[in-house]
Amino acid sequence: MWYSAVNFGYANMRLNEALIDQLGRLPQLASQYLHREKIELAAMIAQHAEATWGEYGRVHFNVGGAQAVEDALKLVRNAKGGKGLMFAFEGGYHGRTLGASAITSSYRYRRRYGHFDRALFVPFPYHFRGPRGMSKEEHGAHCIREFERLFESEYNGIWDAKAKEAECAAFFVEPIQGTGGYVIPPKNFFRDLKAVLDRYGILLVVDEIQMGVYRTGKLWSIEHFGVTPDVLVFGKAITNGLNPLSGIWARDELINPTVFPPGSTHSTFASNPLGTTVALETLRMLEESDIGAQVTEKGAYFLEGLKDLQCRHKIVGDVDGLGLALRMEICREDGFTPDKERVDRMVDEALAGELEVHGRRHGLVLDIGGYHKNVVTLAPSLLISKEEIDLALELLDCLLLKVTR
Ligand SMILES: Cc1ncc(COP(=O)(O)O)c(C=O)c1O
């Protein structure tokens, strides 16, 4: 579903109609003015944060994920006396504007544009490719210990113990890496990371642009990990892909109008009524349903099917999932060496539309991610039926057979 931008299906009539209705009422409004949907949407997001984390906060809108990441960068730089250095994860993706690509771990996105406060990249607890002989939890704890070493002495280069000040303003994280290949950290990882960040006065910015809006079974994927973010960034599926509305939620102390006055960021189309209306309708629709339970149940069912494929196909090195964010890592016959060439063949075979199941030919559109571009990242509609999951698994089985023949 388009990198998880269309969580509720391409023909979601309720959301489509909300957009069409708004088009006839008030299609656009300069973003310095208030309109009802903008206020109600901001209130819903802030109330959810208050109910979940007991934190009073505020919301600011923009258009496009990367622009909201830019706003989060401004916010934390402002809060930390203009510090421009950030931590971010290896394998992380935060967008392609100058600021967002500076905290994205791929040099390919930065190479031609000169330096722009590049982040310090820290290993993510990617257990499958981590050191052998550690459990997922042990590997997470190992990553935290290695990270905390950066603060061990003055000469580790990040921490001035006399001034009690860190060189980095914030750590930008995706709770589950998206473009990095749907990598799911151990449950205690972010709680332990936040404890380190709190010790050294570093803010936690959670990028929910790809994993938010119930992809993992919760409104925000960070809710699985028992920590309160300082700043949260959202986009994509908040409008079911119908409008590029994005935004940030932040703790009041960082974003209140005294410290971050109106005009601190601005865009002509920020908080546009078409986007805020659909986003409001999306959240209302979700509030009326038991979407979290449904996603959890369907995700577990899908993951069982993927595990079965892993048992039967040597080239499936790893499968994992949280809610309906699922991964299938394709390797050589040893089940470990990344095999991008084989994945490329899988993509082509899938698009050819010749996969035959129960006498009917089908095609599949695969989304590929991962550090080695060898991970099939599965982000189906959250309204997918069990029958459709069964069909998807049969098609994947058929595809895996085709490329191992
Ligand atoms: C986690 C994450 N952050 C930021 C972005 C950038 O969003 P946009 O493409 O809307 O600028 C993306 C897009 O894929 C993303 O997955």
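Numbering of ligands and ligand atoms starts at 1, following listing order. The structure presented is a predicted model; accordingly, all values stated were derived computationally and were not measured.
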Colleague: Is Lys236 positioned over the aromatic face of Tyr3, cation under 6.0 angstrom from the ring centre and no more than 45 degrees off axis?
Modeller: no
Colleague: Decide yes or no on side-chain hydrogen bond (donor to acceptor under 3.5 Å, both in side chains) for Gln210 and Ser4, but give the supporting numbers first.
Modeller: CA-CA 6 Å; Gln210 187 158 165; Ser4 203; 5.6 Å; no
Colleague: Donor-acceptor pair, distance only, cut-off 3.5 Å: does the side chain of Lys298 make one with the backbone of Leu382?
Modeller: yes
Colleague: Test your reading of the model: is there a side-chain donor-acceptor pair from Tyr182 to the backbone of Gly369, 3.5 Å cut-off?
Modeller: no
Colleague: Residues in ring-ring contact (aromatic ring centres under 6.0 Å, His included) with Phe128, at least two apart?
Modeller: Phe336
Colleague: What does the 4.0 Å heavy-atom contact list look like for ligand 1?
Modeller: Gly64, Gly65, Ala66, Tyr93, His94, Gly95, Glu174, Asp207, Ile209, Gln210, Lys236
Colleague: Applying ring pair (Phe, Tyr, Trp, His ring centres under 6.0 Å) between Phe87 and each of Phe121, Phe172, Phe171, report the one that passes.
Modeller: Phe171
